[in-house]
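Everything on this sheet refers to the single structure shown next.
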There are 2 protein chains.
Amino acid sequence: MHQKKPRQKKPDIDRIFHALGDLTRRAILEQLGHGAVSVSKLAAPLDITLAAVVQHLQVLEESGLVRTEKLGRVRTCQVDPIGLAAAEGWIRDRRTAWDRQLDRLEELLAEENPEG
Amino acid sequence: MHQKKPRQKKPDIDRIFHALGDLTRRAILEQLGHGAVSVSKLAAPLDITLAAVVQHLQVLEESGLVRTEKLGRVRTCQVDPIGLAAAEGWIRDRRTAWDRQLDRLEELLAEENPEG
DNA sequence: AATATAGTAAAGTATCTGCTTAACTAATTA
DNA sequence: TAATTAGTTAAGCAGATACTTTACTATATT
């Protein structure tokens, strides 16, 4: 009774940020934002080989940022928002930590200097 | 009259995500979330050389994620939230693109299948 | 059946990255 | 002033990374 769902693939922050660290992979994610597409349509505007695109897709899929499915001979790719949400969450946590820090500083200043 | 402020360093998405792609650099950012610290305090828990930490800090500073200032012989480091906000924004854009896509899909399904 | 299309897999390679060591400068402290 | 502390810089290196080419499989089209 320690796990409600057999989570399909828990987002791995390390792999996610590593995947996001590459310009081409981010370009792929941007394209996928407009809708699910096949591997070769993904490759068309990218100025690298199909083989290279497939390698990037492997990284993206292993990180959980993208899900793909093969029907017949065409593999269709789409963004998995869970992964993106995880990355966004990590950053937001850092930002709120920074905000808390700022608040604390303001408190200290207010204590030291009670009336402007 | 085409620029209000001489922006000190416009956030560069490419450098930012590259910087975030490294585990050690993210650990540095997490530590900086608790407050501004010196280079050697930053290095203490990191199990790598001071020199290596300095190199990571260079990457973080060039990306705009961190700002540092040297007073006497000690350099103090702190998060620059602008950079983090830029990264968070990029991700949010991708997610909302995905959401729009999902909405469009729901509309299509609703049209094809008007009443359950 | 022959050809074209969509993708995969493996091997090789040039470049990038994260790290170390070592030698150095500048600011404290004893 | 001598020793310590905090950080910097450069050189070098092992392993990772983003590609390429080539050869291949499976599905679709003619």
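Here is how names work: the chains are called A, B, and so on, in the same order as the sequence lines, proteins then strands, and each is numbered from 1.
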> What's the shortest heavy-atom distance between Leu50(B) and Val39(B), and which atoms?
Replying inline: CD2-CG1, 3.4 Å
>> From CD of Glu69(A) over to P of dT8(C), roughly how many Å is that when rounded to an integer?
In response: 13 Å
> Regarding Thr68(B) and Glu61(B), is there a side-chain donor-to-acceptor distance under 3.5 Å anywhere?
Replying inline: yes
>> Distance check needed: dA26(C) C1' versus Arg75(B) CZ, whole Å only.
In response: 13 Å
>> I want to confirm an ordering. Mapping Gly21(A) and Gly72(A) to their closest nucleotides on DNA chain D, which one lands closer to the 5' end?
In response: Gly21(A)
>> Given the ring of Trp90(B), does Arg94(B) sit roughly above its face, with NZ or CZ under 6.0 Å from the centre of the six-membered ring and within 45° of the axis?
In response: yes
> So do the side chains of Asp80(A) and Val66(A) get within less than 4.5 Å of each other, counting heavy atoms only?
Replying inline: no
>> Let's see if you get this right: which residues in residues 22-41 of chain A place a heavy atom under 4.0 Å from DNA chain D?
In response: Asp22(A), Thr24(A), Arg25(A)
> Taking 4.0 angstrom as the limit, do Arg75(B) and Glu69(B) come out as a salt bridge?
Replying inline: no
>> Any residue in residues 45-60 of chain A with a heavy atom nearer than 4.0 angstrom to DNA chain D? Just list them by number, or reply none.
In response: Ile48(A), Thr49(A), Ala51(A), Ala52(A), Gln55(A), His56(A)
> Do any side-chain nitrogens or oxygens of His18(A) fall under 4.0 Å of OP1 or OP2 in dA16(D)?
Replying inline: no
> How many Å lie between CZ on Arg73(B) and P on dA6(D), as a whole number?
Replying inline: 5 Å
> So do the side chains of Ile91(B) and Phe17(B) get within less than 4.5 Å of each other, counting heavy atoms only?
Replying inline: yes
Name every donor-acceptor pair, under 3.5 Å, that has one atom in a side chain of residues 19-29 of chain B and the other anywhere in the protein, sequence neighbours excluded.
unit_1	atom_1	unit_2	atom_2	d
Asp22(B)	OD2	Thr24(B)	N	2.9
Asp22(B)	OD2	Arg25(B)	N	3.0
Arg25(B)	NE	Ala19(B)	O	2.9
Arg25(B)	NH1	His56(B)	ND1	3.1
Arg25(B)	NH2	His18(B)	O	3.4
Arg26(B)	NH1	Leu20(B)	O	2.8
Arg26(B)	NH2	Asp14(A)	OD1	2.8

> Got Leu57(A) and Leu42(A) here, is their nearest side-chain heavy-atom distance under 4.5 Å?
Replying inline: yes
